[in-house]
Amino acid sequence: MGDDFIVETKNLTKEFKGFVAVSDVNLKVRRHTIHALIGPNGAGKTTCFNLITKFLPLSRGTITLNGRDITNTAPADIARLGMVRSFQISAVFGHLTALENVRVALQRKLGTSFQFWKSDKSLAELNDRAEELLVDVGVQEYRDIPAGELSYGRKRALEIATTLALDPEMLLLDEPMAGMGTEDVARTAELIKRVSKDRTILMVEHNLSVVADLSDTITVLKLGKVLAEGPYSEISQNPEVIEAYMGHGVGSHA
Amino acid sequence: MMTLFGIPTAALFGQLLLGLINGAFYAMLSLGLALIFGLLNIINFSHGAQYMMGAFVAWLGLTYLGANYWVALALAPVIVAAFGIVLERTMLSRLYKLDHLYGLLLTFGLALIIEGFFRQLYGISGMPYAVPKELAGGWNLGFMYLPIYRAWVVFASLVLCVGTWLLIEKTKLGAYLRAATENPALVQAFGINVPVMITLTYGFGVALAAFAGVLAAPIYSVNPLMGSNLIIVVFAVVVIGGMGSIMGSIVTGFMLGILEGLTKVVYPEAAGTVIFMVMVIVLLIKPAGLFGKGA
Amino acid sequence: MRNDSGALLKVDGLEAWYGESHILHGMKFDVHQGEVVTLLGRNGAGKSTTMRSIMGMVAKRKGSVSFDGTETIAMNSNKIARLGVALCPEERGIFASLNVKENMVLPPVVKPGGLPLSEVYELFPRLAERANSQGTKLSGGEQQMLAIARILRTGATMLLLDEPTEGLAPVIVQHIGDIIRKLKERGFTILLVEQNFHFAATVADRHYVVEHGHVIDMIPNADLQANMGKLKGYLGV
Amino acid sequence: MTSQSVTTAAASSSGPSRQTIFVGILLVLALAAPFAVYPVFLMKGLCFALFAAAFNLMLGYVGLLSFGHAMFFGWSAYITAHAAKEWGLTPEIAILLGTFCAAGLGAVVGWLAIRRQGIYFAMITLALAQLMYFVALQAPFTHGEDGIQGVPRGHLFGLIDLSDTMNMYYFVLAVFVLAILFLYRVVHSPFGQVLKAIRDNEPRAISLGYQVHRYKLIAFIISAGLSGMAGSVKSLVFQLASLADVHWHASGEVVLMTLLGGVGTIFGPTAGAYLVVTIQNYFASAGSWVTIIQGFIFVVCVLAFRAGIVGVFAPWLKKRGIEA
Amino acid sequence: QYSENKIKIGVLTDLSGTYSDLAGKGAVLAAQMAVEDFGGKVNGVPVEIVSADHQNKADIASSIARKWYDAEGVDAIAELVTTAAAVAVREVSKEKGKIDLVSGAASTPLTNDKCSPTGFHWTYDTYALANGTANAVVKTGGKSWYFLTADYAFGHNLQAQTERVVKANGGEVKGAVKHPFPNSDFSSFLLQAQSSGAQIIGLANAGADTINAIKQAKEFGITQGGQSLAGLLVFITDVHSLGLETAQGMMLTTGYYWNRDDETRAWSKRWSAKMDGKMPSMVHAGTYSSVMHYLKALAAAKTDDGVKVADQMRALPIKDASGFAVNGKIRADGRMVHDMYLAQVKKPSESKGPWDYYNIVRTIPGDDAYQPLAESTCALVKK
Ligand SMILES: Nc1ncnc2c1ncn2[C@@H]1O[C@H](COP(=O)(O)OP(=O)(O)OP(=O)(O)O)[C@@H](O)[C@H]1O
Ligand SMILES: Nc1ncnc2c1ncn2[C@@H]1O[C@H](COP(=O)(O)OP(=O)(O)OP(=O)(O)O)[C@@H](O)[C@H]1O
Ligand SMILES: CC(C)C[C@H](N)C(=O)O
Ligand SMILES: [Mg+2]
Ligand SMILES: [Mg+2]
């Protein structure tokens with residue numbers, strides 16, 4: 001296959017009290033690619049994510065995942081269908097240790113999550129897999145530290161590990177690099193590339209070098225509408241995109 | 001004679017009017033509570049006790065100093081507010097960074113102490129407090145006899161409510177307060193003396209309660225438990241109106257007073273419960289309350 | 001280089017603590033009237049803490065901070081603000097319970113001479129469009145604009161901008177650059193914290209490099225190209 | 001909610017863990033206690049301790065403050081009392097009946113309330129509890145102010161005579177211990193793990209595919225059921241089910257017990273319950289001084305011992321590998 | 001012989017709530033005075049008074065009673081204001097074979113379904129109140145009634161008793177409204193009573209509720225409109241709180257009035273000296289009287305066994321220094337029958353000093369005041 005679309009939106013629209021944040025967005029994310037969503041602040045990128053994962057109800061439009069209509073599916077069920085998101089502001093379980101954070105994600109597949117009569121020692125079988133994931137994102141040293149005490153960058157890394165733990169076929173990452181130091185950015189980019197092998201990734205990112213480096217396709221949003229779509233080479237030459245987003249090159253990325 | 005709900009319409013008017021009068025108290029009390037609750041993020045459980053103190057200060061003033069009603073109306077809120085300010089400075093101010101629950105627990109404890117203290121000193125039967133001469137008597141409205149004093153209560157309450165509403169919504173005080181609950185350090189860095197502002201606001205909320213207490217003294221006997229019986233209903237009013245909404249608590253206060261009045265006619269046993277019925281319905285339909293913003 | 005005695009803001013031997021942890025160890029630098037000066041440094045070097053200390057927002061601090069000849073080290077932050085200093089904090093500090101407009105007009109006017117509201121909206125037209133939205137419903141970048149915009153009205157002439165470009169689209173970063181230059185033309189004095197020295201280079205007159213709560217170097221913007229290697233070393237890029 | 005959930009990876013020393021020894025000591029004390037202390041007082045404490053522990057499941061582990069838990073406590077008491085007195089059911093059946101009814105009521109209330117958070121959750125539970133109070137006030141079988149009096153304790157399994165105070169005490173203790181073990185298991189189960197995650201970050205838990213409302217609802221039902229069980233047992237201990245147990249004061253009291261003892265700890269609610277019950281017991285003849293003293297204790301606790309009684313000892317215990 | 005060589009009497013009352021003025025610590029004092037007046041010892045065995053606050057709640061009352069009997073060697077419990085508390089304690093006392101001496105509670109079930117061989121109802125009850133006040137009112141022309149009734153057992157009971165009397169005397173009941181208990185705003189209920197057109201508005205409530213209803217009736221000009229109020233249970237503490245200005249002219253039934261004769265004045269002044277100049281209510285005097293009688297029975301029975309003491313109590317004549325219980329006798333159902341008084345509240349001008357509030361209009365002989373034994377549903381009454 002390789003050439004079909006895993007996620008498709010049709011006329012995706014979101015209105016907030018008389019203000020249109022996302023308007024008629026038709027997005028097609030090709031299977032096994034990295035697709036970037038960029039655009040000026042307030043263009044509606046995060047809102048798109050919220051709509052696709054149903055964290056916000058749509059005003060109009062339809063969404064399909066693997067050809068199946070998920071327009072009216074609950075957010076938790078969307079995750080169960082294999083599409084998982086991360087958050088723009090880091091989202092970890094602050095009182096759980098790093099290991100437990102990852103394990104909570106792994107645990108779902110075990111099917112024992114409603115079993116309040118069972119010991120939590122039964123979860124130990126997941127520890128090995130959880131540790132592998134921590135190693136992948138480079139936070140294995142902090143496995144027994146409550147996640148709330150990690151520095152911002154490490155929280156972001158942990159969040160990615162937790163997301164990957166679900167082994168989703170479709171990943172939505174909202175500014176995964178925001179707040180990371182330079183060296184972490186490189187490692188995370190590397191990781192994203194690695195996990196994208198047999199997955200599909202839709203990602204919002206302001207760091208243009210990362211976008212240029214990773215993405216197969218880029219969609220540029222502006223004022224809630226699609227402004228342009230294509231590979232980086234094409235997008236970066238588009239005068240409208242330069243005007244609305246990239247600007248004329250001064251100090252845009254460090 | 002026309003009837004509605006099986007009662008003559010004339011009598012119904014009377015009941016509505018009485019409901020409105022009760023609503024005036026709900027409105028005043030919930031206004032103060034909403035102010036403290038919505039703007040300072042303190043669930044002021046001692047509000048009822050402070051209302052009671054207002055009434056007691058009036059009574060004490062009259063009994064021991066011969067201070068008349070009007071003097072009490074002017075001074076009791078100030079005295080009780082000063083007391084409130086001391087509490088705020090010495091205790092509540094330590095809790096701002098913590099969960100609301102602690103404010104609730106503290107003020108609950110304070111309410112117990114205050115009420116216990118007054119009970120210990122003055123017993124429970126209640127002290128008589130006469131209607132001031134100027135407001136004695138009543139008007140025959142045809143459908144009912146309206147004591148002048150009750151009319152005065154409604155009037156005073158309306159003036160107070162509207163005044164407070166203007167103060168909060170039309171000056172920037174309201175915005176400062178709301179912002180200060182979120183990030184006091186930053187608001188202070190904008191040039192506002194936040195601790196003083198918070199203290200004064202708390203004092204003002206307490207003064208509102210005490211004022212209501214003085215207004216209540218001639219109607220109900222001055223009694224150490226007069227506030228604790230009311231507080232939970234007043235909480236309900238604030239929640240139904242939408243927490244933090246000044247207008248919400250005023251309108252809801254009057255509205256629920258009237259609704260309760262009607263219930264007293266139709267199904268009196270349920271009069272104390274109808275407010276909670278309304279609360280369930282409102283919260284299920286409009287989670288943030290009638291006038292609340294967002295959820 | 002102007003001489004020190006004419007400095008509008010003069011920081012000397014500034015030390016600061018969060019609880020028990022000692023963060024600033026004798027910061028020393030100054031900013032002259034009408035200048036744009038940046039503090040550069042790695043994550044955790046103490047840049048934001050310096051800003052907060054100047055503003056009086058760090059409870060435990062020592063040394064000297066004088067603004068326009070007034071020693072402010074022992075003042076409460078509301079007093080300092082009244083002298084004409086305003087902060088745009090790094091976490092933006094947009095109030096969720098206020099709408100955009102209310103956020104905008106929240107900081108009181110401390111001195112005459114601030115920008116009128118209409119001009120502020122001209123600088124940030126996006127904010128006028130969203131004036132009635134709840135403050136925190138703005139997108140990240142919009143919130144950043146709001147945080148800058150709201151202190152322009154107050155008449156404060158000394159602006160402390162803590163990472164004003166964080167999370168912004170490249171084109172907006174440039175826009176912010178333009179605004180800083182405009183503000184400078186109007187006579188504002190600006191202390192800027194930046195991670196992005198490419199951006200800093202386009203607006204600043206001088207750069208201080210901060211490490212472990214000290215100033216370790218000062219580089220005039222004119223000499224920046226020459227000192228690039230050294231700077232990259234400091235910042236670990 | 002400020003909670004001191006201690007999530008130490010179970011300190012794994014060999015032999016019986018310190019935790020086991022600690023619990024063992026407590027248990028021996030509990031077994032010996034009625035020889036030193038008035039057993040009815042101990043039983044009252046146990047009932048409230050169970051009530052507070054059940055309540056704590058919501059506050060401490062789900063992060064939701066219910067201000068209407070008295071409806072489960074009180075209604076279950078009525079049902080058990082009625083069943084034992086009017087239908088002559090044996091105590092264990094009457095208690096189970098009360099417990100299940102409370103859980104059922106919990107399912108309905110939870111279904112209505114669980115989508116709300118913070119103060120709104122508290123208020124909607126309060127409102128529903130007030131409605132249930134009203135029903136209790138008006139329904140004939142509850143006998144209004146008098147309550148259902150003279151409830152027979154009956155024979156446990158038709159064999160053991162519970163009118164004997166010692167028998168009753170050990171029965172209540174057994175119920176309490178089993179219920180606490182059950183709660184401990186709930187908290188330390190795969191389900192409990194998810195609850196903690198939800199409390200920490202609900203949107204994230206949703207994004208991982210957890211239907212959070214179901215988890216919260218189940219927790220609420222468990223909490224309601226066990227609160228009910230506490231009320232049922234109390235109605236047999238005192239042979240009385242009364243309005244006081246459905247009144248909002250009782251809902252408030254359980255919040256106080258839990259906060260005073262230490263939210264989100266295993267032993268906190270028990271400590272808090274005994275503190276409050278002791279105050280009430282010792283100062284019963286002090287009239288309004290009781291309220292003054294109680295108020296004073298709350299104020300002191302809030303200002304000085306915010307983590308609750310157990311919170312004060314928790315670090316000390318934790319050092320010794322014991323989860324408070 | 002006396003168990004543990006000690007006699008302990010518990011005064012279980014409302015020390016902090018609505019009824020703490022009409023009962024409360026004044027009742028504890030009365031019990032103490034009884035013990036002192038008796039000499040502090042019964043056949044050489046010391047007598048001790050303990051007290052506790054039941055907060056008017058059945059569950060608290062029952063658990064304190066249980067604790068006292070089980071763990072603290074209490075032999076009898078006195079006072080017991082509020083029916084629910086009294087019934088709860090009655091239940092425990094009966095089970096343990098201990099004596100209860102109910103003074104403050106009002107409802108008739110205490111000597112009917114809930115009667116006990118060791119339980120006594122001392123001071124007054126709703127039946128007697130109705131007989132006194134309602135009779136007098138109907139006879140002076142108040143034929144049509146409307147009730148404001150506190151919505152709990154006591155209120156219902158008082159209304160029922162009063163209705164019985166009204167109807168028996170050819171009066172008519174136009175309606176009733178049950179108000180929540182406690183309640184502070186009566187205006188709405190008063191307005192309903194007003195539009196009913198009844199001549200008499202009967203207040204089947206007590207304490208603060210009665211006070212508020214009366215005050216507000218005045219405020220709303222109900223009495224000017226030609227209707228009259230009948231307070232069906234009014235204590236002297238209520239009159240004090242209302243003030244004579246408001247309360248004047250009201251008819252009420254009481255089991256005791258401190259200013260009735262020299263004996264009552266002497267005792268009341270002793271009590272008053274320790275109570276900041278307040279005067280005792282009938283509950284205070286009743287508590288004294290019941291405890292005193294219990295002590296006498298203890299001495300005569302030479303044991304603290306409940307049943308035996310109860311028998312002695314029935315046998316011995318009742319007479320004590322308070323001047324309570326004129327013509328008193330105890331019946332099989334536990335009712336202490338004694339004379340009741342129909343009183344009218346004085347005008348302010350008639351009052352000669354503080355607490356001088358009543359004119360006694362009529363003495364109602366005990367047998368006329370109380371429910372005839374033949375009507376009692378108490379299982380102990382042989383028919
Ligand atoms: N809940 C909401 N209510 C009202 N307006 C909203 C809400 N959420 C977002 N918006 C508005 O929708 C627009 C798009 O916001 P969104 O967060 O999607 O932007 P974004 O593209 O992610 O920007 P950034 O890059 O700054 O994160 C913004 O103008 C924002 O103010
Ligand atoms: N509230 C706080 N309590 C304790 N330590 C703090 C607090 N805020 C900051 N710190 C510590 O103070 C040091 C300096 O922090 P500061 O925020 O000033 O750094 P910065 O130079 O602004 O870094 P960045 O580029 O990440 O914003 C850091 O080590 C940080 O961990
Ligand atoms: C008025 C009270 C002294 C009587 C009490 N309410 C009872 O139930 O008997
Ligand atoms: Mg975004
Ligand atoms: Mg910083």
Side-chain angles (χ1 to χ4, degrees), chain A residues 49-50 53-55 74-87 89-97 99-124 126-127 143-148 159 162-163 165-166 168 172 174, chain D residues 1-12 17 57 60-63 103 115 178-179 181-223 225-226 263-264 323:
Chain A
F49 267 34
N50 284 333
T53 51
K54 294 305 307 296
F55 271 67
D77 295 329
I78 288 183
R80 292 161 166 265
L81 290 172
M83 176 156 76
V84 179
R85 64 171 304 183
S86 73
F87 290 82
I89 298 146
S90 86
V92 293
F93 304 116
H95 289 91
L96 304 186
T97 65
L99 185 83
E100 285 172 324
N101 262 271
V102 178
R103 220 171 54 183
V104 163
L106 291 170
Q107 178 187 342
R108 212 194 71 213
K109 294 251 165 70
L110 224 49
T112 62
S113 295
F114 281 113
Q115 300 185 354
F116 51 77
W117 54 88
K118 202 167 185 169
S119 167
D120 55 6
K121 302 225 169 65
S122 65
L123 298 175
L126 302 173
N127 287 359
R143 56 165 274 176
D144 292 327
I145 309 262
E159 203 191 330
T162 307
T163 309
L166 292 177
L172 282 73
D174 198 353
Chain D
M1 284 333 71
T2 346
S3 57
Q4 277 67 39
S5 74
V6 189
T7 43
T8 32
S12 48
S17 73
L57 180 68
Y61 297 95
V62 186
R115 274 151 227 280
L178 288 178
L181 285 178
F182 175 69
L183 277 172
Y184 181 85
R185 173 39 44 88
V186 171
V187 171
H188 296 269
S189 69
F191 175 76
Q193 243 343 254
V194 178
L195 279 188
K196 284 180 208 158
I198 292 173
R199 185 197 51 191
D200 272 1
N201 193 333
E202 184 166 331
R204 183 56 174 155
I206 297 174
S207 82
L208 295 181
Y210 289 109
Q211 292 116 325
V212 298
H213 293 317
R214 290 195 205 167
Y215 288 85
K216 290 188 192 174
L217 183 58
I218 291 175
F220 194 82
I221 293 173
I222 295 175
S223 172
L226 290 181
V263 183
E323 177 182 346

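Among the candidates D/Leu195, D/Ile222, D/Ile198, D/Val187, the residue making the largest number of heavy-atom pairs closer than 4.5 Å to chain A is D/Ile222. Between chain A and the residues D/Gly192, D/Ala205, D/Ser189, the largest count of heavy-atom pairs under 4.5 Å involves D/Ser189.
Summarising the geometry, atom CG belonging to A/Asn50 is positioned 8.0 Å from atom CG belonging to A/Asp174; distances are rounded to the nearest 0.5 Å. With values rounded to the nearest 0.5 angstrom, D/Leu57 atom CG is found 6.0 Å from D/Leu183 atom CG. Going from atom OG of D/Ser207 over to atom CG of A/Leu166 covers 7.5 Å, rounded to the nearest 0.5 Å. Residue A/Phe93 holds its CZ atom at 13.0 Å from CZ of A/Arg103, rounded to the nearest 0.5 Å.
By the 4.5 Å heavy-atom criterion applied to side chains, D/Lys196 and A/His95 are not counted as neighbours. For the pair A/Thr162/A/Val104, no side-chain contact is recorded, criterion being any heavy-atom separation below 4.5 Å from C-beta on.
With a threshold of 4.5 angstrom between heavy atoms, D/Phe182 approaches chain A through side-chain atoms but not through N, CA, C or O.
Scanning for salt bridge (Lys or Arg N to Asp or Glu O under 4.0 Å) contacts around A/Arg143 gives A/Glu131, with sequence neighbours left out.
Taking 4.5 Å as the heavy-atom cut-off, the residues of residues 212-220 of chain D that approach chain A are D/Arg214, D/Tyr215, D/Ile218, ordered by number.
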